[in-house]
Each structure stands twice: as C-alpha cells, then as structure tokens.
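Working notes for the structure below.
Only heavy atoms go into these numbers, but all of them, side chains included; no hydrogens, no water, no symmetry mates.
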Amino acid sequence: MMTAPRNPTDPRSATDGEVRLPPEPGELAFDRWVRDELGRLYDATLSEPVPEELLRLLDPDPERN
C-alpha cells in the first residue's frame with residue numbers, strides 16, 4: 001500500500017496508536033492496478049538470472065573467486 005504524508009484532517013493518515021479507517025475503494029483499485037502494471041512490465045526481467053559479473057561484484061569474499 002502506498003504511504004502519503006500525514007494529513008491531520010484525514011483519519012486515514014493516522015499515525016501509530018491512532019484510529020485508522022480502511023482505505024477507500026478507489027485506493028485499493030489503484031494499488032491493484034499499479035501492482036498489475038508493474039508486474040506486466042517487469043516480471044520477465046525479474047525472472048532472468050543475475051549475471052555472473054554482477055554476482056562477483058556483490059560477493060562479500062572476493063578471495064573465493
């Protein structure tokens with residue numbers, strides 16, 4: 001779920017310990033749309049293997065290679 005700056009006049013933006021209303025239906029639909037679109041755009045890329053060169057750069061123990 002997206003977070004927005006706290007708005008003192010909107011109870012949906014309450015901080016910890018305060019009453020928080022459920023998101024409005026439009027917010028849920030937008031969140032679902034964003035998740036679906038990002039998945040459509042990037043799922044194929046995320047399923048690709050990480051290149052060996054990048055794995056070597058991220059290796060915390062470079063002496064092993």
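Remark: Glu52 CD to Leu57 CG distance equals 11.5 Å, nearest 0.5 Å. We find the CG-CG distance between Asp59 and Leu54 to be 11.0 Å, quoted to the nearest 0.5 Å. Atom-to-atom distance recorded for Glu24:CD and Phe30:CZ is 14.0 Å, nearest 0.5 angstrom.
Heavy atoms of other residues, nucleotides or ligands lying less than 6.0 angstrom from CD of Glu37 number more than 12.
Hydrophobic clustering, with ILVMFWY side chains joined whenever heavy atoms are under 4.5 angstrom apart, keeps Leu58 apart from Leu46.
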